[in-house]
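Working notes for the structure below.
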Amino acid sequence: MSEEKEKENQKQAEELSAEDLKQVTGGASDIFAKIGDIKGESLDDKHRDQRAILVSPVTAGIKMRQP
Amino acid sequence: MISDATLPELYAPWLRTVAGGPIPAETKATCDHCAMLASPGSGPDAGYFHPDTKCCTFKPNLPNFLAGRILSESDPSMLEGRKAVEAQIARRVAVKPSEVSSGFVFSLLYGATPFAMGRAPALRCHYLSPGGECGIWKHRPGVCATWYCKHVRGATGHRFWKLADKLLREVEQDLAYWCMAQHQVGSGELGELAPQTRPHVSELDGEIDWAQYRRLWGNWAGREIEFYQACARLVETLTWPQVEENCGPRVGILAGLVRDAYAHLESSAIPERLRIKEVTFTGFEGGNYKVTAYSGFDPLLMPERLARVLRYFDGRPTEEALQAILVERSVRLDLSLVRRLVDFGILEAWDSGKSLFPMVS
């Protein structure tokens with residue numbers, strides 16, 4: 001990359017700070033994955049047009065930190 | 001200004017002494033306005049707690065001295081908790097000199113049900129008032145006082161509280177036995193050659209094994225409340241050094257670990273080299289990725305621009321990684337954000353010299 005281009009990139013750089021990584025209410029849920037344009041067979045209203053790849057947090061290896 | 005964590009009366013001065021300073025409150029885990037309940041502004045794809053219980057689907061064991069404090073409590077806000085302890089003692093079910101136990105039926109159900117926490121109303125804690133307030137709040141045991149769904153400092157906070165939990169569990173067990181020794185009761189309980197590992201029928205409304213009950217309690221049988229209150233009086237004036245003196249060596253070791261975790265909690269240093277630790281992308285919401293790292297109870301929203309530059313943290317010096325991200329991707333990462341990525345377990349410090357399997361190419 002040319003020095004000029006590098007300087008240009010630095011000038012136009014987007015700033016990201018701690019506030020940009022936000023905590024949210026609730027916890028991890030079952031995960032629906034959408035694959036390309038393939039119409040899926042999900043029966044869940046919220047995921048009607050998605051391919052029904054449903055992974056529970058536990059299956060996905062997400063740690064549920066309960067006592 | 002950071003407020004102090006709300007700890008049980010007995011444990012607050014002990015933990016402050018162990019840590020060596022004030023313990024910051026976990027302000028993201030808001031019991032009064034539960035952060036795990038769905039609200040009109042909540043995202044659609046999240047695992048929420050049941051509104052009747054919030055996180056209180058866990059029934060704690062009460063060590064004898066805490067049971068005694070609850071039974072001696074005159075505060076009206078603790079009335080429901082006191083009544084629940086009195087009722088269990090009156091039934092003589094899972095009532096031992098060492099503790100008022102949650103019983104094996106609860107342990108079996110809780111242990112065998114994945115993701116039961118907050119989502120199984122049938123496991124509602126019996127110390128909760130009908131209005132949903134904790135009836136033993138001022139004297140709740142370590143496991144309840146140290147568990148938070150979300151942590152201001154993510155995994156860094158979780159580590160501190162988890163170690164505090166381990167420490168307090170150890171203290172509770174050791175001090176409970178110490179109280180028993182002081183009051184010359186306990187040979188029946190500790191002398192059991194085959195420890196109980198399954199529920200007794202009394203937990204399922206069956207008959208009490210009275211012979212065994214009398215063996216457990218000796219001369220204190222029928223005076224259980226008096227015994228628990230006597231234990232509370234023994235413990236209430238102990239300073240932390242006296243606690244350590246009366247407990248086993250594990251307490252001293254765990255106290256050292258809590259002190260170390262507290263030092264990390266107070267630090268905002270950035271490791272010299274970083275690499276990606278773990279992050280699971282679980283959805284897309286409002287132009288951000290929804291991600292989970294150290295805990296499924298504490299998901300984050302991550303801007304796509306940030307997700308795309310994480311790969312630069314590959315073990316090279318952190319300064320070099322930040323410079324490369326700036327030059328090549330036109331993104332400037334504030335150091336506070338880098339620290340937050342470490343706190344939440346998305347990035348971790350990396351020392352190639354300590355790697356068990358060093359990179360060969």
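By convention in this document, chain letters (A, B, ...) are assigned in the order of the sequence lines, proteins followed by strands, and residues within each chain are numbered from 1.
Most heavy-atom pairs under 4.5 Å with chain A, from the set Asn288(B), Leu326(B), Val331(B): that is Leu326(B). In terms of non-hydrogen atom pairs under 4.5 Å with chain B, the most contact-rich of Gln12(A), Gln23(A), Glu15(A) is Gln23(A).
The neighbour count for His264(B) NE2, taken as heavy atoms of other residues, nucleotides or ligands under 6.0 Å away, does not exceed 12.
Using a 4.5 Å heavy-atom threshold, the side chains of Leu37(B) and Thr25(A) count as separate. Looking at Leu300(B) and Lys22(A), their side chains never come closer than 4.5 Å, going by heavy atoms from C-beta outward. In this structure, Phe58(B) and Gln66(A) have side chains that are not in contact, with every pair of non-hydrogen atoms separated by 4.5 Å or more. Taking 4.5 Å as the limit, every side-chain heavy atom of Asp334(B) sits out of range of all side-chain heavy atoms of Leu16(A).
With a 4.5 Å cut-off on non-hydrogen atoms, Phe344(B) touches chain A through its side chain but not through its backbone. Residue Val152(B) touches chain A through its backbone alone, counting heavy-atom pairs closer than 4.5 Å. At a 4.5 Å heavy-atom cutoff, the contact between Thr292(B) and chain A is made by side-chain atoms alone. Proximity to chain A (any heavy atom under 4.5 Å) is restricted, for His151(B), to the backbone atoms N, CA, C and O.
Look at Glu14(A) and Arg332(B) and you find no salt bridge, because none of the NZ, NE, NH1 or NH2 atoms lies under 4.0 Å from a carboxylate O.
Using a distance-only test at 3.5 Å, with no hydrogens or angles considered, a donor-acceptor pair links the side chain of Lys150(B) to the main chain of Gly26(A). The backbone N or O of Leu21(A) sits less than 3.5 Å from a side-chain atom of Arg340(B), completing a donor-acceptor pair. Within the 3.5 Å criterion, the main-chain N or O of Pro67(A) finds no donor-acceptor partner in the side chain of Lys162(B).
Identified under the salt bridge (Lys or Arg N to Asp or Glu O under 4.0 Å) test for residues 48-63 of chain B, with sequence neighbours left out: none.
Remark: Arg124(B) engages no residue in a salt bridge (Lys or Arg N to Asp or Glu O under 4.0 Å) (not counting sequence neighbours). Applying the salt bridge (Lys or Arg N to Asp or Glu O under 4.0 Å) test to Asp343(B) and every residue at least two apart in sequence or in another chain returns Arg153(B), Arg339(B).
Here Leu335(B) contributes atom CG and Ser17(A) contributes atom OG; the two are 11.5 Å apart, rounded to the nearest 0.5 Å.
The shortest non-hydrogen separation linking Met36(B) to Gly27(A) is CE-N, 3.6 Å.
Contacts of residues 140-149 of chain B with chain A at a heavy-atom distance below 4.5 Å involve Val143(B), Trp147(B), listed in sequence order.
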